[in-house]
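We use all heavy atoms of the structure for the numbers below, so side chains are in, but hydrogens, waters and symmetry mates are not. A, B, ... follow the sequence lines: proteins, then strands. Residue 1 opens every chain. Worth saying up front: this structure is predicted, and the values here are computed from it rather than measured.
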Amino acid sequence: MAQKPGIPKGTRDFSPSEVAKRNYIFTIIKKHFETFGFQLIETPSFENSETLMGKYGDEGDRLIFKILNSGDYISKVDSATYESKDSNAISSQISEKALRYDLTVPFARYVVMHQNEIDFPFKRYQIQPVWRADRPQKGRFREFYQCDADVVGADSLLQEVEFVQLYDAVFTELGLKGVNIKLNNRKILAGIAEIIGAKDKLIDFTVALDKLDKIGEAGIKKEMLQKGISEEAIAKASPLFSLSGTNSEQLTVLKELLATSEDGSKGVEELRFIVDTIEMLGLQSAQLSIDVTLARGLNYYTGAIFEVGAPQGVKMGSIGGGGRYDDLTGIFGLKDVSGVGISFGLDRIYLVLEELNLFPEAIDRSLEVLCLNFGDREALAALKLVSTLRGAGVKADLYPSSVKINKQFKYANNRNVPYVILIGEQELSEDSFVVKDMISGTQETYNLKNPEAFLKEFESTN
RNA sequence: GUGGUUGUAGCUCAGCUGGUUAGAGUGCUUGAUUGUGGUUCAAGAGGUCGCCGGUUCGAACCCGGUCUUCCACCCCA
């Protein structure tokens with residue numbers, strides 16, 4: 001019995017035109033990564049569980065795909081654990097490998113393992129799929145690609161500045177105007193928590209604060225109260241809830257608010273440096289804005305936090321994110337190596353470009369010239385011409401069988417082929433070929449002995 | 001992981017309160033056109049109504065389960 005074909009939830013097949021569009025994005029990202037001096041590495045699709053577990057918080061652990069051990073794994077579980085029906089306890093005994101959840105933690109592991117062969121500062125980029133056992137939604141998959149660029153071994157804030165420029169360069173070339181690069185600093189969040197006397201509630205406080213634009217001021221106050229943050233503390237923090245104005249104005253307010261916090265003041269200084277430097281250098285199409293409610297990746301970011309939002313009017317979560325993590329390699333035993341990096345969410349960028357119709361028209365032009373097949377003798381001459389065209393780098397093909405011309409034309413039309421070449425009995429006897437421009441509908445005759453004439457014409461219009 | 005939502009022709013979707021033979025547009029095939037596509041006209045093919053079970057004389061429609069889609073949480077690219 002034939003089984004019904006299907007693919008797992010949250011995964012996708014990519015057909016030719018989708019792959020072409022995805023490659024278009026990859027190529028642009030890659031190009032800019034390389035012009036910024038990043039080197040490509042790859043890491044395994046799965047890691048030892050202990051490398052991944054505990055690095056993304058409890059929530060993250062839940063979303064890690066675990067790989068079952070080989071062999072008769074269940075017999076090796078001790079009876080007490082087996083009887084306990086405790087999923088976590090059992091899974092640690094029947095699974096010791098897991099699919100990669102992001103590219104940053106494997107990179108940290110890589111740096112520690114290869115520390116003796118790396119020249120620091122090390123700028124690497126990596127474009128590979130990652131897996132999350134999440135419940136899918138629009139722009140949210142269980143298998144998706146991340147495009148990461150990170151620098152390790154450089155404390156300078158100039159790195160942060162560079163990453164803002166990198167975001168700007170990529171999105172500008174993609175034609176995605178007006179992306180908003182949001183910038184925050186973990187030290188500012190820590191400083192605020194310190195000032196309001198809720199240092200121990202930093203995570204709860206920032207997670208709530210992060211939802212400001214979603215549930216509003218009243219909503220986050222309520223959530224903070226529920227998490228055990230005092231009303232007094234919330235009142236102290238309230239200037240943040242309505243923080244507005246230019247980056248510079250916001251920094252002035254923050255500086256005052258955080259004057260008595262060493263951490264907080266440092267964060268303000270760092271932000272000011274980045275903002276001022278970018279101001280002097282200028283951006284092509286993106287805008288950089290401070291957003292104190294930004295609180296992503298708190299489990300490891302220690303300094304700058306980046307997030308890129310889709311342009312206004314596009315309903316999509318963030319299309320990129322990143323930040324500085326001073327001690328990520330620390331957990332693998334390498335102290336005092338600072339890292340900072342950003343990530344592009346390829347799959348989401350794809351959806352945004354698609355929605356805004358920003359892919360170049362000719363992107364899925366997989367064939368530029370199609371020779372029609374009029375029969376054995378004609379096809380032979382056509383194949384000779386096709387070889388010449390291919391030699392000149394033209395994507396050319398000969399229709400494989402001499403079916404009705406009508407059908408062959410229809411095929412060319414569906415494949416979006418801009419030029420169709422006809423070599424029939426008459427052309428063959430005259431040693432010529434006819435080129436039909438499928439867009440204008442006009443036809444022109446060339447000599448078979450001089451295909452360069454057509455090539456010249458072709459080059460000039462493409 | 002929690003709550004909801006969706007699934008009917010290759011694709012986009014109609015389908016009344018449960019009632020005979022499940023429709024449209026588009027695409028496909030054939031012909032008008034045996035050497036000219038994208039427009040037009042005519043004819044034709046194409047369906048386990050997601051899957052499994054239940055209720056009923058009778059189920060695309062009601063009920064349960066399951067898978068899938070999308071949405072809100074959680075979290076995140």
Side-chain angles (χ1 to χ4, degrees), chain A residues 1-12 15 25 29 56-64 87-88 100-104 127-148 203 207-208 210-211 214-215 219 223 294-299 305-310 315-323 341-352 370 372-375 378 399 402-428 433-443:
Chain A
M1 195 178 92
Q3 70 177 32
K4 201 175 180 178
I7 55 175
K9 176 168 35 180
T11 65
R12 297 146 299 155
S15 295
I25 302 173
I29 292 176
Y56 310 101
D58 292 343
E59 200 57 42
D61 282 358
R62 203 195 78 207
L63 298 176
I64 292 174
S87 302
N88 284 332
R100 145 177 89 213
Y101 177 88
D102 74 353
L103 300 178
T104 306
I127 298 178
Q128 289 188 279
V130 302
W131 294 270
R132 294 185 187 177
D134 207 353
R135 197 176 276 210
Q137 275 181 42
K138 183 175 190 166
R140 176 179 250 194
F141 308 98
R142 302 216 289 187
E143 177 184 62
F144 62 97
Y145 274 74
Q146 286 192 332
C147 312
D148 275 28
I203 301 281
V207 165
D210 190 53
K211 295 178 193 164
K214 215 170 195 175
I215 59 178
E223 180 163 332
L294 181 61
R296 297 305 163 92
L298 272 178
N299 283 298
I305 302 172
F306 299 108
E307 181 174 299
V308 184
K315 203 161 174 275
M316 180 63 66
S318 60
I319 55 177
I342 58 170
S343 180
F344 289 81
L346 171 100
D347 300 270
R348 289 188 176 177
I349 293 171
Y350 179 103
L351 290 170
V352 171
L370 180 73
L372 302 196
N373 190 323
F374 285 84
E378 292 87 347
Y399 197 90
S402 58
V403 298
K404 268 201 248 175
I405 296 310
N406 196 297
K407 192 181 159 87
Q408 298 190 40
F409 260 108
K410 219 162 191 168
Y411 176 80
N413 210 51
N414 290 344
R415 284 283 306 267
N416 237 318
V417 182
Y419 295 102
V420 166
I421 289 182
L422 299 93
I423 305 176
E425 199 179 343
Q426 194 186 332
E427 285 78 13
L428 201 56
F433 63 99
V434 170
V435 177
K436 174 158 183 170
D437 181 327
M438 294 295 279
I439 294 146
S440 66
T442 57
Q443 299 192 165

_Determine whether a donor-acceptor pair (N or O, by modelled atom type, separation under 3.5 Å) exists between the side chain of A/D437 and the backbone of A/T442._
no
*For A/K211 and B/C74, is the shortest distance between a side-chain N/O and OP1 or OP2 below 4.0 Å?*
yes
*Taking OH from A/Y101 and P from B/A77, how many angstroms apart are they, rounded to a whole number?*
7 Å
*Atom NZ of A/K410 and atom C1' of B/U40: how far apart are they, to the nearest Å?*
12 Å
*Indicate, with a heavy-atom threshold strictly under 4.0 Å, whether A/G57 touches base, sugar-phosphate, or nothing.*
nothing
*Remember a base hit wins even if backbone is also touched, and classify A/G441 as base, sugar-phosphate or nothing at under 4.0 Å, heavy atoms.*
base
*Whole-Å distance separating the NZ atom of A/K404 from the P atom of B/U33*: 12 Å
*Does A/N414 have a side-chain nitrogen or oxygen under 4.0 Å from the phosphate oxygens OP1 or OP2 of B/C28?*
yes
*Rounded to the nearest 0.5 Å, what's the gap from CG on A/L422 to CG on A/L372? Could you check?*
4.5 Å
_Using heavy-atom distances to pick each residue's nearest nucleotide on RNA chain B, tell me which of A/L422 and A/F344 is more 5'._
A/L422
*Nearest whole angstrom, please: distance from the C1' of B/C76 to the CZ of A/F306.*
18 Å
*What nucleic acid atoms does A/F141 come within less than 4.0 Å of, heavy atoms only: base, sugar-phosphate, or nothing?*
base
*Checking only heavy atoms, does the side chain of A/Q408 share a donor-acceptor pair with the base of B/U36 at less than 3.5 Å?*
no
*Looking at B/U69, does its base get a donor-acceptor pair with the side chain of A/R135 below 3.5 Å?*
no
_Does the structure show a Watson-Crick or G-U wobble partner for B/G46, both distances under 3.5 Å? Name it, or say none._
none
*Establish whether the base of B/U36 is bridged to the side chain of A/K436 by a donor-acceptor pair shorter than 3.5 Å.*
yes
_Would you say CD of A/Q443 has more than 12 non-hydrogen atoms from neighbouring residues, nucleotides or ligands within 6.0 angstrom?_
yes
*Find the distance A/E307:CD to B/C75:P and express it as a whole number of Å.*
14 Å
_If I take atom CE in residue A/M438 and atom C1' in nucleotide B/G37, what distance separates them, rounded to the nearest angstrom?_
4 Å
_Whether the side chain of A/R100 engages the backbone of A/P129 through a donor-acceptor N/O pair (distance < 3.5 Å, no angle test) should be reported._
yes
*So, the side chain of A/R142 versus the backbone of A/P136: is there a donor-acceptor pair under 3.5 Å, distance only?*
no
*Under 4.0 Å between a side-chain N/O of A/N406 and OP1 or OP2 of B/G37, yes or no?*
yes
*Please determine, for B/C62, whether a Watson-Crick or G-U wobble partner exists with both distances under 3.5 Å, and give it or none.*
B/G54
*Is there a stack between A/F374 and B/G35, judged by ring centres under 5.5 Å and planes under 30°?*
no
*asked:* I want to check one thing: is the phosphate of B/C73, taken as OP1 and OP2, less than 4.0 Å away from some side-chain N or O of A/K214?
replied: yes
*Check whether any side-chain nitrogen or oxygen of A/Q137 sits under 4.0 Å from OP1 or OP2 of B/U69, and answer yes or no.*
no
_Rounded distance in Å between the C1' positions of B/A24 and B/G31_ = 24 Å
_Is it the case that the base of B/G35 and the side chain of A/E427 share a donor-acceptor contact (distance under 3.5 Å, atom types as modelled)?_
yes
*Would you find a donor on one side and an acceptor on the other, under 3.5 Å apart, between the side chain of A/R12 and the backbone of A/F144?*
no
*Measure from NZ on A/K138 to P on B/C70 and round the result to the nearest Å.*
9 Å
*Whole-angstrom distance between B/G65 and B/G4, as gauged at atom P*: 11 Å
*Look at all strands and tell whether A/G375 reaches a base, only sugar-phosphate, or nothing, counting heavy atoms closer than 4.0 Å.*
nothing
*When all nucleic acid strands are considered with a 4.0 Å heavy-atom cut-off, which category describes A/I439: base, sugar-phosphate, or nothing?*
base
*asked:* Given the structure, check if the side chain of A/N413 and the base of B/G38 hold any donor-acceptor pair shorter than 3.5 Å.
replied: no
*Backbone of A/V403 reached by a side-chain donor or acceptor of A/N373 within 3.5 Å*: no
